[in-house]
Participant: 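Shown below is the structure under consideration.
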Amino acid sequence: MFERLKTMLVKEFTQLLRDPKMRFITFGVPVFQILIFGYAVNTDVKHIATAVCDLDNSVRSRELADRLQQSGYFDIVRRVGDQREVREIIDRGQAKAVVQINHGFEDAIRGGKRAPLQIIVDGTDPNTARIVLAYAVTIAGRFSDQILVERQIRSSGIIRPTGMVELESRAWFNENLESRNYYVPGVMAQMVLIVTMMLSSMSVVREKEIGTMEQIVVTPIRRWEFILGKTVPFAVIGYINVAIVTLVAAFWFDIPFRGNLIFLFVATGLYLLSTLGFGLFISTVSRTQQQAMMSSFMFTFPAMLLSGFAFPISNMPQPVQYATYLNPLRYYLYIIRGVFLKGVGAAVLWPELVGLLVLGAIILPFAVRRFRKTLA
Amino acid sequence: MCSQKNREHSPYFSHGDLDNTVTLKELVKRFGDFTAVNRISLDVKKGEIFGFLGPNGAGKSTTIRMLCGILRPSGGSGTVAGFDIVTDAEQIKEHIGYMSQKFSLYEDLTVEENIDFYSGIYKIPAEKKQPRKEWVIAMAGLAEHRASLTATLSGGWKQRLALGCAILHEPPIIFLDEPTSGVDPISRRNFWDLIYRLAADGITVFVTTHYMDEAEYCDRLGFIYRGELIALGTPEELKTRHMAEEIVEVLCERPQDAMEIIEELPGIRHAALFGRGLHVVAERAVEAIPAITARLATAGFQAPQPERIVPSLEDVFVSLIETKDREAAPQQEFER
Ligand SMILES: Nc1ncnc2c1ncn2[C@@H]1O[C@H](COP(=O)(O)OP(=O)(O)O)[C@@H](O)[C@H]1O
Ligand SMILES: [Mg+2]
C-alpha cells in the first residue's frame with residue numbers, strides 16, 4: 001500500500017543526491033554555518049584594544065596600567081603622552097578605549113585625596129562599551145581597595161579586619177559565559193528552518209515550473225502520497241543537519257551537550273511539522289522557484305529576529321513579544337539551548353513542545369488543504 | 001489509414017468495458033470573463049484516432065485537461081472510459097494515459113529511472129514491471145540509452161519515452177496534446193507510426209495538433225476555433241461536405257500581387273498563398289476560372305489556365321475560419 005510513497009521517495013532522494021547544489025546544502029551548509037558561528041561570531045568582550053594616556057608617568061600610574069593589561073580584558077596597544085592624540089586614536093578605531101591618568105595622580109593618592117581617573121570608550125557598539133566600562137570599574141575598585149589595605153599596613157603594621165562585601169559570582173550552564181555555547185546550538189534551529197522550508201517548497205514548485213506536475217496530476221497518485229513524498233526527504237535532511245550540528249558542536253567546539261539526544265530528536269520532529277507546513281504553504285502561493293526562495297527568506301528573517309536567537313525576547317515591546325508565540329523558531333531555539341546547556345527535558349520544556357505541536361497542527365493541515373487547489 | 005479489423009481481437013477490449021469512449025456534451029470552460037471552451041459536444045469511438053485540430057489558443061489543451069480530470073469544467077458534462085469527468089475524475093486517471101504539451105519527464109533521472117517512477121506510481125504489478133519496461137525501451141528505441149540522463153536525449157527520443165511512460169499501465173484511452181511540436185519531420189513520422197501501432201492494438205487515441213498533414217492521418221477530426229467546435233467528421237467528409245465553396249488553384253509569378261486583384265473579382269470569397277501559387281475560394285469554379293484568366297491577362301500576368309482542385313484540409317480549415325470570422329465581425333463592431 002505504500003508502493004507509490006516508496007516510489008516517490010526513491011525518486012526524490014535520487015534527484016536530491018544527484019544534484020551537487022543539493023548535496024552542498026545538505027552537508028556543506030551546516031558545517032559552513034556552524035564554523036561561522038563557532039569562530040567568527042563572537043560577542044565575548046576580551047582583549048579590548050586600549051590606549052593609555054599617562055600624563056602622570058609615576059609608579060602608581062604605571063601600576064594601574066599593568067593591572068588593566070593583566071586582567072586580560074584590556075590590551076594596551078598605544079601609550080601616548082599628549083591628550084590631543086586621544087581623539088584621533090578613537091576616530092581611527094586604533095583603540096576602543098582610552099584610559100587617561102592625569103598629572104598628580106600619584107600625589108593625590110599619597111595625600112589621601114581622590115585621584116581622578118578617566119576612561120573614554122567608543123560607544124558605537126553600545127553592548128561592548130557597556131561591558132568595557134563595567135570591567136574598568138571593577139579593576140579601578142580593586143586597585144582602590146589595595147591602596148587602602150597598603151595604607152593600613154603602613155600605618156598600623158597589621159591588617160585589621162574591616163567589613164567588606166565580597167560578591168562571588170557564578171554563571172550556571174555556561175560557566176565561562178562563552179557566546180559560542182549560546183550561538184552554535186542556535187544555528188541548528190535556523191538551519192533546519194531554512195533547509196526544510198525552502199527546499200521543500202522549491203522542490204514542489206520546481207515540478208510546476210518544469211511541467212512534470214501536470215503529468216503527476218493525471219496519475220492516480222493520492223494527495224497524501226505526493227505530499228509525504230515531497231516532505232519526508234526534507235525531514236530526513238533536517239535530521240541530518242541536526243546530527244551534523246550536534247556532532248560538530250560537541251566534538252569540535254566542546255560545547256556541552258547535557259540533555260537527551262532522543263528528546264532533541266522528538267522536539268525536532270514537532271518543529272518540522274511547522275517548517276514543512278510553511279514550506280508546503282509557500283509552494284501553493286509560488287509559481288517559480290525564485291518566488292519560493294524569496295518567500296522563504298521573507299519568512300526566515302523576521303522569524304530569526306523574533307526568536308531570541310540574537311536579541312532577547314524580553315527586551316521586545318509587549319505586542320511583539322506576543323507575536324513571537326506564533327514563531328516556531330522561538331520554541332525550538334529555547335528547547336535546543338535547554339537541551340544543550342541546561343540538560344533539561346520534557347519536564348521543563350513541555351510548554352515549548354506544546355507550542356510547537358499546536359503551531360504544527362494549525363499550519364500543516366491548512367497548507368495541505370490549500371495544496372489541493374494547486375493540484376487541480 | 002489504419003484498418004479496424006484487428007482491433008476487435010486486441011487485449012484492450014477484454015476489460016468488458018463497453019463505454020470505452022469519450023463523450024462531451026456542451027462542455028464549457030471559462031477563465032474569468034474569457035470563455036476558452038464554448039459548448040463543445042463530440043463523441044470519440046473506441047479504437048479510433050481522433051484528431052483535435054485548431055490554431056494556438058483555440059482551446060485544445062483546455063479541453064484535454066478537462067477530459068483528463070485536471071480542470072473542472074464550468075459547464076456541460078462528459079464521460080471518459082465510462083466515468084464522469086466531474087465526479088469520477090480520480091477513476092478516469094487510472095484508465096487513461098496523458099502526454100502533456102510540454103515535455104514532462106524528469107531530465108535529471110535516467111531513462112530507466114523515469115520508467116521505474118511511473119511504473120511505481122501506476123502500481124504496475126511486480127511481474128509485469130520488467131516486461132513493460134523492456135517494451136517501452138524497445139518501442140522508444142532507447143536500448144543503448146537506458147542508463148543515460150533524460151536531459152541528454154534528443155527531442156524525438158524524449159517524445160517517444162514520454163509516450164511510453166504515459167502508456168506503461170496499458171490504458172484503453174490516451175490523450176496526446178501536441179505530441180510532435182518541436183520535433184524534426186523524421187521523428188514526427190516515427191511518432192505517428194507508433195500511434196498507428198497503438199490504435200491497431202485497439203487503443204483510442206485523442207490527439208491535438210496544429211499540423212495539417214498530421215490531421216490527414218486521423219480517423220476523425222474536430223476543428224476547434226476560439227473555443228468552438230466548428231466542424232467534425234472524417235478527413236474525407238470535411239473536404240467534401242463542409243466546404244460550400246470550390247477551390248481554384250492559380251499558378252503564376254508575383255502571386256502576392258495576383259492575389260489582390262483576384263480577390264476583387266465578383267464571386268470570389270478569398271484567396272490565399274499556397275506553395276508557389278494561390279488557392280482561390282470561389283462560389284462556383286466554372287464561373288471563376290474564365291474570370292480569373294481574363295483578369296490576369298489584362299493585368300499582364302503570365303499564367304497557365306487555373307484549375308479546380310479538391311480542397312486540402314487546410315483549405316477547409318481556412319475557409320471555415322473565414323466564415324466564422326465574418327459571422328463574428330458585425331457582432332464585434334456592435335460590442336465596441
Ligand atoms: N489557466 C488559465 N487561465 C486563464 N486563461 C487560460 C488558462 N489556460 C488557458 N487559458 C486561455 O485559454 C485559451 C485556450 O488555451 P489552450 O487550451 O491552451 O489553447 P491551445 O491548446 O488550443 O493552444 C488561451 O487563450 C489561453 O490563454
Ligand atoms: Mg495547447
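Please read these numbers as outputs of a predicted model, since none were measured by experiment. In what follows, chains are A, B, ... by sequence order, proteins preceding strands, each numbered from 1.
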Participant: What is the distance from atom CD of A:Glu3 to atom OG of B:Ser119, rounded to the nearest 0.5 Å?
Facilitator: 7.5 Å
Participant: When you measure from the side chain of A:Arg4 to the backbone of B:Gly120, do you find a donor-acceptor pair of N or O atoms at a distance under 3.5 Å?
Facilitator: no
Participant: Restricting to pairs with a member in residues 158-182 of chain B, which pass ring-ring contact (aromatic ring centres under 6.0 Å, His included), not counting sequence neighbours?
Facilitator: B:Tyr122-B:His169, B:Phe175-B:Phe206
Participant: Tell me the closest heavy-atom pair linking B:Leu109 and A:Thr14, and the distance in Å.
Facilitator: CD2-CG2, 3.9 Å
Participant: Can you name the salt bridge (Lys or Arg N to Asp or Glu O under 4.0 Å) partners of A:Arg287, sequence neighbours left out?
Facilitator: none
Participant: Working to the nearest 0.5 Å, report the span between OH of B:Tyr106 and CD1 of A:Ile216.
Facilitator: 3.5 Å
Participant: How about B:Tyr98 and A:Glu214: does a side-chain donor come under 3.5 Å of a side-chain acceptor?
Facilitator: yes
Participant: Please find the pair of heavy atoms, one from B:Asp108 and one from A:Gln15, that lie closest to each other, and give the distance.
Facilitator: OD1-NE2, 2.9 Å
Participant: Taking all non-hydrogen atoms of both residues into account, name the closest pair between B:Ile121 and A:Thr7 and its distance.
Facilitator: N-CG2, 4.0 Å
Participant: Given a strict heavy-atom distance threshold of 4.5 Å, which part of B:Leu168 is in contact with chain A: side chain, backbone, both, or neither?
Facilitator: neither
Participant: Should A:Arg223 and B:Glu90 count as an ion pair when the cut-off is N to O under 4.0 Å?
Facilitator: no
Participant: With rounding to the nearest 0.5 angstrom, report the CE to OG distance, A:Met213 to B:Ser104.
Facilitator: 12.5 Å
Participant: So do A:Val218 and B:Ile70 actually touch side chain to side chain, heavy atoms under 4.5 Å?
Facilitator: yes
Participant: Tell me, for B:Glu94 versus chain A, whether the close heavy atoms (under 4.5 Å) come from the side chain, the backbone, both or neither.
Facilitator: both
Participant: Yes or no on salt bridge (charged side-chain N to carboxylate O under 4.0 Å, His left out) for A:Arg206 and B:Glu107, after CA distance, side-chain angles and deciding distance?
Facilitator: CA-CA 12 Å; A:Arg206 180 164 170 263; B:Glu107 304 233 335; over 6 Å; no
Participant: Is any side-chain heavy atom of B:Lys93 closer than 4.5 Å to one of A:Val217?
Facilitator: yes
Participant: Between A:Lys11 (side chain) and B:Glu113 (backbone), is there a donor-acceptor pair under 3.5 Å?
Facilitator: no
Participant: Side chain, backbone, both or neither: which part of B:Asn114 has an atom under 4.5 Å from a heavy atom of chain A?
Facilitator: neither
Participant: Is it true that, when you exclude B:Tyr211 itself, more than 12 heavy atoms of the residues, nucleotides or ligands shown sit nearer than 6.0 Å to its OH?
Facilitator: yes
Participant: Against chain A, label B:Leu149 side chain, backbone, both or neither, depending on which of its atoms sit under 4.5 Å from a heavy atom there.
Facilitator: side chain
Participant: For atom CZ of B:Arg39, decide whether the heavy atoms of other residues, nucleotides or ligands shown that lie under 6.0 angstrom number more than 12.
Facilitator: no
Participant: Tell me, for B:Arg72 versus chain A, whether the close heavy atoms (under 4.5 Å) come from the side chain, the backbone, both or neither.
Facilitator: neither
